[in-house]
Amino acid sequence: MTGRDGKKGVGLLKGLSITLTSMTRRSITEQYPDVQPELPPRSRGVIALLEENCTSCMLCARECPDWCIYIDSHKEVIPAPEEGGRERTRNVLDRFAIDFSLCMYCGICIEACPFDALFWSPEFEYAEFDIRNMTHEKERLGQWMQTVPPPPALDPSAAESKEVLGVRKKAAAKAPPTEQGDES
Amino acid sequence: MTEERVVSTGDGVVATDMVLNIGPQHPATHGVLRLRLVLDGERIVSAEPVIGYMHRGAEKLFEVRDYRQIIMLANRHDWLSAFSNELGVVLAVERMLGMEVPERAVWARTLLAELNRLLNHLMFLGSYPLEVGAITPVFYAFREREAIQEVMEEISGGRMHFMFNRVGGLKEDLPNGWTNRVRTAMAGVRDRLPQLENLVFGNEIFAARTQGVGVLSKEQVLQYGLSGPIARASGIDMDLRRDEPYLAYGELQDVLRVVTRTEGDCYARFEVLREQVHVSMDLVDACLERLEQLPQGPINQRLPKVLKAPEGYTYAWTENPLGLNGYFLVSHGEKTPHRLKLRSASFNNVQVLGEMLPGQLVADMVSILGSMFFVVGDVDK
């Protein structure tokens with residue numbers, strides 16, 4: 001089927017017949033603004049921030065390939081709860097902003113975060129007329145949290161996560177002594 | 001071939017040649033490639049590809065990024081083969097580290113690389129007829145692309161820049177039921193692809209514009225270091241997947257066919273692309289079968305917090321959809337590479353235009369340019 005030595009006109013007719021059959025089929029067009037697309041949970045649409053989990057450790061801002069995360073924080077001293085106790089300091093987040101006009105949607109910040117404060121959300125409708133509005137401050141990033149879907153179930157042959165393995169190990173370590181106890 | 005009609009300007013009144021700039025903003029260059037043509041009437045006297053309008057300094061940027069960040073950059077030079085580009089980087093780093101990649105990751109990577117090849121080839125199967133005047137095929141091609149893109153998005157979260165490779169494996173494991181959905185998508189594409197093929201192949205108008213046009217000889221291919229489907233269309237029987245197997249290709253030799261043609265014209269180049277789509281679909285099916293038989297296991301390695309490649313150098317090349325893609329990695333033992341040289345397929349493939357175009361008509365320029373299958377981001381880096 002190289003088509004180098006076909007009869008004249010056959011190819012054209014073949015093409016037209018395909019057009020005809022396609023004409024009778026239903027179109028696959030998705031009526032986007034009226035019908036929302038169904039996006040998989042891993043879709044990288046926008047980054048959401050769970051402020052409570054953030055310790056302003058700056059890891060995400062440092063790992064970001066184009067430095068589009070801005071973090072300001074200050075230290076606050078918590079007075080000792082009782083007489084003679086020790087004072088504690090903790091970081092308070094003043095500003096957490098992601099400039100989505102710079103963001104390359106690589107997801108390294110989310111991977112780098114050791115405290116699970118950042119998540120992907122498939123939400124994508126946040127275009128702006130002014131580029132300055134593409135910088136989402138922590139309030140707006142926090143609002144995206146509501147749209148974060150649970151992660152998809154993994155393939156049956158996937159290795160168990162280290163959290164599950166850890167729980168298993170603990171359970172296994174606890175179990176043997178009780179069995180021995182029963183025997184004696 | 002049919003007779004050629006040449007229109008010239010006046011009877012030798014105008015003595016100077018005309019210089020015509022195609023691009024940098026021209027739809028046929030799909031990107032910002034500029035061609036400086038010197039014309040005699042409608043015939044091209046000389047042609048010079050002027051590149052660099054999209055130069056982003058990727059190689060220099062590599063030097064100030066750690067390996068995870070480099071994957072993100074490597075994604076972007078050839079935006080139509082993002083996954084294959086990532087692959088070269090991680091293969092190079094893994095070789096430097098002497099890291100063993102889990103078997104499931106190897107097969108999943110092979111599978112994803114072939115899906116990426118399908119995406120790339122379907123793009124050109126649609127856009128090339130568009131350039132020579134057939135508007136319909138691109139819609140058929142994009143319908144198939146959508147089916148594949150959906151499964152790619154489901155596993156990686158991205159539609160273009162997958163960012164799914166990591167040193168030592170893949171970012172995350174496959175979602176439950178994903179392999180079945182890939183299989184369904186493949187069956188669908190296989191089922192509908194003849195529509196696209198019958199629309200273009202055998203079409204007299206398409207044949208007249210491409211057969212015997214832009215013939216590239218075997219010698220030229222070798223002189224200019226062309227690779228990929230373009231080289232194979234001129235009879236160069238070379239494919240790294242067979243000749244220097246990486247990933248799981250070594251075990252897929254009975255499925256893998258290297259597609260070659262001898263004509264070396266635009267039509268042959270397009271045909272190679274079409275055949276390769278079929279080969280890739282077979283490879284995807286073989287990978288799926290194998291992936292489902294593999295025992296439970298991890299899909300990546302646990303990495304140290306700061307990943308440093310040991311001192312030394314290595315060259316990792318892969319058979320990207322558009323040709324050979326190589327990374328020469330020199331490390332001084334830091335967390336960033338000392339130098340990461342990128343050999344991209346399109347850069348070499350475009351250079352031959354200066355030799356191919358002279359003597360051709362301006363009207364044929366578009367069909368020749370389109371049949372070189374390049375991505376300008378890959379040319380300019």
So what's closer than 4.5 Å to chain A heavy atoms on B:R68: side chain, backbone, both or neither? both

Measure B:K305 against the heavy atoms of chain A and call it side chain, backbone, both or neither at under 4.5 Å. neither

Expected output: side-chain B:R65 to main-chain A:P65 donor-acceptor under 3.5 Å: yes

Cut-off 4.5 Å, heavy atoms of chain A, and the answer for B:R166 is side chain

Answer with side chain, backbone, both or neither: which region of B:Y140 has an atom nearer than 4.5 Å to a non-hydrogen atom of chain A? side chain

What part of B:R76 gets closer than 4.5 Å to chain A, counting heavy atoms only: side chain, backbone, both or neither? side chain

Answer with side chain, backbone, both or neither: which region of B:D66 has an atom nearer than 4.5 Å to a non-hydrogen atom of chain A? side chain

Please look at B:L294 and chain A and tell me whether the side chain, the backbone, both or neither of the residue comes under 4.5 angstrom of a heavy atom of that chain. backbone

Non-hydrogen atoms of chain A under 4.5 Å away: do they reach the side chain of B:F164, the backbone, both or neither? side chain

With only heavy atoms counted, which part of B:L199 is less than 4.5 Å from chain A, the side chain, the backbone, both or neither? both

Side chain A:S43, main chain A:G45, donor-acceptor under 3.5 Å: no

Does a donor on one side chain and an acceptor on the other come within less than 3.5 Å for B:E59 and B:H77? no

Sequence neighbours left out, what passes salt bridge (charged side-chain N to carboxylate O under 4.0 Å, His left out) with A:E38? Give chain and number order. none

